[in-house]
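For reference, the structure is listed below as structure tokens.
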There are 2 protein chains.
Amino acid sequence: MKIGVVGVYQTKFGELWDKSLADLISESITGCILDARIDKSDIQSLYIGNMLASLGNNQQHLSSLVSQILNLNVPITRVEAACASGGMAIFNAVNAIKSGVVDNALVLGVEKMTDLDSSEISKALMNAADDGEFLHGMTFPGLYALLANKYCKQFGLSEVDIAKAPVKNHYHAQFNKKAQYPFAITTQQVLNSPKVADPLKMLDCSPITDGGAAVFLASDTWIHKHMARNGVYLSASAMASDSVSLSNRDSLVELKATKQASILAYSQANLSPKDISCAEVHDCFSIAEVLAIEDLGFYPKGDGSHYLDRKNSYLGGKKPINTSGGLKACGHPVGATGVKQIVEATRQLRYEADGRQVDEAKAVLTHNIGGSGGTAVVNILTN
Amino acid sequence: MKIGVVGVYQTKFGELWDKSLADLISESITGCILDARIDKSDIQSLYIGNMLASLGNNQQHLSSLVSQILNLNVPITRVEAACASGGMAIFNAVNAIKSGVVDNALVLGVEKMTDLDSSEISKALMNAADDGEFLHGMTFPGLYALLANKYCKQFGLSEVDIAKAPVKNHYHAQFNKKAQYPFAITTQQVLNSPKVADPLKMLDCSPITDGGAAVFLASDTWIHKHMARNGVYLSASAMASDSVSLSNRDSLVELKATKQASILAYSQANLSPKDISCAEVHDCFSIAEVLAIEDLGFYPKGDGSHYLDRKNSYLGGKKPINTSGGLKACGHPVGATGVKQIVEATRQLRYEADGRQVDEAKAVLTHNIGGSGGTAVVNILTN
């Protein structure tokens, strides 16, 4: 069975002080229904990715909240795996359609992060990490700083090399109206920005973001019966897990879950890394993007940062990475990110990506991780 | 495809001050693996139902925590729908197996509620309700008291009628070593217990419980290939949703999601309510059991409480309800309850239910709801 992406929508990402969690849910679902040209009553199931509503919104029965908003009684599942919640929602929606229990699923990713203040949010996000790391005062920038230091030392690289990721992603975000930070930055600005956890500076870190995204997936049979057009296919969806604590890992210069999920995804799609036209990867911190493009098989281990240049990873290059602006510049509403990546991939494959369109996009990979890589979801979309 | 229940395990339920969340996870999974007579490496996926770890345990990346505990890199999904989290995990595990993406899934339900103190827990549980209800000072006993008052008024019944549920469930719990309260109580004790929210008294309310449960599900093909014995089948698994707020409901004397999920489940299993030998239903409060046995089609609306007698709903009766002791007397570790119900149903169908065995058990129904009925999962098991 082939799974099609029938409709997509993304809200503006940013500090959306005038929007509630329910507002973001409504806007995302309504926008997706309109884009899919379906009626609400066509929806047979929903999957929701969200991390922080329990801590930030006094609300975690999101299946029932969405049932109320839509006045629908279909099965609705909320999944959660920290920043991989959106990807996990996609993976489980695909399984539900493949099972034949439903023919379609609307997948919503949503997060209202600014309802937590700055001290609450650091603590809340550490719920995605090992409680030993938390108790020892670690934060996520601290965990990724450990990975960055180890990586740079092992491969003879520096903060300048990994800073290429946010510079590129901000460049791309200029062409994305939905991005939180639609402006360019320079390497010098990254290096001069306040230090968060050495070697990571503020501009190496993805921001706190409110936002929502939704996609409507359906079996090819349902699509042929109900839709005039075909569109885009989700040719692979794979998920893998790894230990929650960095100290339990065999290696700190690769994320095993990313490698495992991508091997499965390439096999499902019958494609190899060289076939990927462009990719949305999980750049929660600069080092994360470098690890991702290596672990996904695009570049040899230790060499990734050398390819974050105009010839390769920028728009117009051989394999553009994070045309949306990525988590760094488009924004990172944690539970929404994995769904937003599917929105961007679909826009590329529909040739609707406006000023950031990748020429002849044929296969787009999305990569979403939770915590310090304890959960990874890799999807491949094709047209 | 038929889905078999290959292994089951339940921890002791209670206030387990000497056990952590990780302890409960380890014991549940290890016990289930032993019961299933499989090796850890046979597990192809896991599904986790949990509600409160984000608020109570500073941990919500449970997929990654379980990956670490088991040293497994397979896909692991955490789902959450308040007290229906366990049932939702079962439903999604069944879909994953039916999809063919995996051949089996270990489903874990776990909750460590006593890590929240008594003021925190009331607030935390209200995350399963409408935020308007929460802001107006409602608690879950209050919401179910509204349902109880409306129901008793409409059908000319009283607190004495609905008190039959906890009396029966405590009677059954005497025969269950894993129960939190393995002792009998009288109707008078229920009526004399401290009032919580009129007409509900303390002994009408399910307790705060720590506990875990796990089941190992597999496709019939996998079972025939790997197992010497057949065992029990999960012949139906259905889920439905309803509004999170009581004020949005058409009726307060029935739970629409329960009705809808049960109609789907009967249809999947090709059975009718009269075919059900016994059932585990969601008796978070006395009134909830009365509504459940009506909404599941066992008895006419308004008549349910008349059947909570020795002839019908007790062990030895025509259709015993909550032989485990139910949520009231076996205990209600919220995310574990929906999985524990499958454990009890399987024990009944394997004729392993010791002093609480139902004669000639052939089809057992489980019913798990979240919040005030905003999510409902109904499963039917057969042998």
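The chains referred to below are lettered A, B, ... by the order of the sequence lines, with proteins before strands, and numbering in each begins at 1. Remember, it's a predicted structure, so these values are computed and weren't measured experimentally.
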_If I take atom OG from residue A:S243 and atom CG from residue B:L70, how far apart are they, to the nearest 0.5 angstrom?_
12.5 Å
*So with a 6.0 Å cut-off around NZ of A:K123, is the heavy-atom count from everything else above 12?*
no
*For A:A129, is it the side chain, the backbone, both, or neither that has a heavy atom closer than 4.5 Å to a heavy atom of chain B?*
backbone
*Can you tell which of B:N73, B:I48, B:L46 has the highest number of heavy-atom pairs within less than 4.5 Å of chain A?*
B:N73
*Determine whether A:Y47 and B:V79 make a side-chain contact, defined as any pair of heavy atoms from C-beta on separated by less than 4.5 Å.*
no
*Find the one option among A:V74, A:L72, A:N95 whose heavy-atom pairs under 4.5 Å with chain B are most numerous.*
A:N95
*Is it the backbone or the side chain of B:Q59 that comes under 4.5 Å from a heavy atom of chain A, or both, or neither?*
both
*Would you confirm whether A:Q68, through its side chain, and B:N248, through its main-chain N or O, come within 3.5 Å as a donor-acceptor pair?*
no
*Top contributor to chain A interface from B:Q268, B:Q260, B:M1 [non-hydrogen pairs under 4.5 Å]*: B:Q260
*Over all atoms of both residues, closest heavy-atom pair of A:T77 and B:M239*: OG1-CE, 3.2 Å
*asked:* Which one wins on heavy-atom pair count under 4.5 Å against chain A: B:V94, B:T375, B:L52?
replied: B:T375
*Crowded around A:K259 NZ? As in, over 12 foreign heavy atoms under 6.0 Å?*
no
_Using heavy-atom distances under 4.5 Å, tell me whether A:N71 contacts chain B through its side chain, its backbone, both, or neither._
neither
*A:V101, part contacting chain B, at a heavy-atom distance under 4.5 Å*: side chain
_B:Q60 side chain vs A:M51 backbone, donor-acceptor pair below 3.5 Å_ = yes
*Within a strict 4.5 Å, meaning less than it, do heavy atoms of the B:N58 and A:D131 side chains meet?*
no
*To the nearest 0.5 angstrom, please state how far the CD1 atom of B:I76 sits from the CE atom of A:M88.*
8.0 Å
*Do you see a donor-acceptor pair shorter than 3.5 Å between the side chains of A:S67 and B:D242?*
no
*asked:* Looking at A:S54, is its backbone amide N or carbonyl O close enough to the side chain of B:N127 to form a donor-acceptor pair, meaning the two atoms are under 3.5 Å apart?
replied: yes
*In Å, rounded to the nearest 0.5 Å, how long is the span from OG of B:S64 to CG of A:D130?*
9.0 Å
_Surrounding CG of B:D117 (heavy atoms of other residues, nucleotides or ligands, distance under 6.0 Å), is the total greater than 12?_
yes
*Quick one: which of A:A238, A:A376, A:A128 has the most heavy-atom pairs under 4.5 Å with chain B, could you say?*
A:A128
_Distance-minimising heavy-atom pair for A:R78 and B:E80_ = NH1-OE1, 2.8 Å
*Looking at A:A257, A:S245, A:A82, A:G371, which has the largest count of heavy-atom pairs under 4.5 Å with chain B?*
A:S245
*Most heavy-atom pairs under 4.5 angstrom with chain A, which of B:V102, B:L55, B:N50?*
B:L55
*With a 3.5 Å cut-off and no angle check, do the side chains of A:S241 and B:S63 form a donor-acceptor pair?*
no
